Enquirer: 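One structure follows; several queries about it will come next.
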Amino acid sequence: IMPPCKRVMFAAQMKSEPRLLEPMYLADITVPNQASSGVYATLNARRGIVESKEDQIGTPICKIRAFVPVLESFGFTSFLRQNTGGQAF
């Protein structure tokens, strides 16, 4: 009974197309509109994925929501502030 069970389990694993998933942080970044290019440059350098960008009506501030891999998040805040001239938070 063990060899057939082993083949069934192996076939089920191969059919399910297993893949590795990387843990991600959700980053909410608030920045003035003129410094948003620095945010995008930082996210591209750190393999970040932009989810949305919301402009605050009546103010020059926008809010960017992005996913950043946990592995790339170490030192992200200092690198972000360096690329935006300290304007992002």
Side-chain angles (χ1 to χ4, degrees):
I1 191 160
M2 287 307 289
C5 288
K6 184 178 178 181
R7 284 192 298 244
V8 167
M9 292 303 290
F10 181 74
Q13 286 177 347
M14 290 297 112
K15 184 70 173 167
S16 68
E17 298 176 358
R19 59 185 82 135
L20 292 174
L21 298 177
E22 185 174 21
M24 305 285 266
Y25 280 135
L26 176 62
D28 287 326
I29 304 166
T30 305
V31 65
N33 286 331
Q34 69 267 16
S36 63
S37 62
V39 174
Y40 289 122
T42 304
L43 289 171
N44 284 335
R46 298 290 180 121
R47 297 187 300 131
I49 301 168
V50 176
E51 180 184 345
S52 66
K53 179 184 177 191
E54 299 174 10
D55 292 325
Q56 303 292 333
I57 298 172
T59 63
I61 293 177
C62 66
K63 185 176 183 180
I64 299 172
R65 291 177 56 112
F67 290 105
V68 181
V70 172
L71 185 63
E72 300 288 336
S73 68
F74 300 106
F76 177 74
T77 305
S78 61
F79 191 54
L80 178 65
R81 292 195 181 202
Q82 178 185 0
N83 283 346
T84 60
Q87 297 179 351
F89 54 93

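For this chain, numbers begin at 1 and follow the sequence in order. This is a predicted model, so every value here is computed, not measured.
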Enquirer: Which pair of heavy atoms, one from Thr84 and one from Gly38, lies closest together, and at what distance?
Expert: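 Closest approach of Thr84 to Gly38, heavy atoms only: CG2-C, 3.9 Å.
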Enquirer: Could you measure the distance from the CG atom of Leu80 to the CD atom of Gln87? Nearest 0.5 Å is fine.
Expert: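 Rounded to the nearest 0.5 Å, the CG-CD separation comes out at 11.0 Å.
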Enquirer: How far apart are the closest heavy atoms of Ser73 and Val70, and which atoms are they?
Expert: OG-O, 2.7 Å
Enquirer: Any side-chain heavy atom of Leu43 within less than 4.5 Å of one from Phe76?
Expert: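 Contact flag for Leu43/Phe76 side chains = yes.
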Enquirer: How long is the gap from CD on Glu72 to CZ on Phe79, to the nearest 0.5 Å?
Expert: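 Here the interatomic distance stands at 10.5 Å.
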Enquirer: Kindly compute the distance separating CZ (Arg47) from CE (Met24), expressed to the nearest 0.5 Å.
Expert: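 That separation rounds to 7.5 Å.
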Enquirer: Flag yes if more than 12 heavy atoms outside Met9 fall under 6.0 Å of its CE atom; otherwise flag no.
Expert: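 Not buried by this count: 12 neighbours or fewer within 6.0 Å.
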Enquirer: Got a sec, which pairs hit side-chain hydrogen bond (donor to acceptor under 3.5 Å, both in side chains) with one end in residues 31-43, sequence neighbours left out?
Expert: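 Of all non-adjacent pairs touching residues 31-43, those that pass side-chain hydrogen bond (donor to acceptor under 3.5 Å, both in side chains) are Thr42-Asn83.
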Enquirer: Which donor-acceptor pairs under 3.5 Å do the side chains of residues 50-65 make with protein atoms, sequence neighbours left out?
Expert:
residue: Thr59; atom: OG1; partner: Gln56; partner atom: O; Å: 3.1

Enquirer: Can a donor-acceptor pair be found, under 3.5 Å and without considering hydrogens, that links the side chain of Arg46 to the backbone of Phe74?
Expert: yes
Enquirer: List for me each residue that meets side-chain hydrogen bond (donor to acceptor under 3.5 Å, both in side chains) alongside Gln13, sequence neighbours excluded, and say none if there are none.
Expert: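 With sequence neighbours excluded, Gln13 shows a side-chain hydrogen bond (donor to acceptor under 3.5 Å, both in side chains) to no residue whatsoever.
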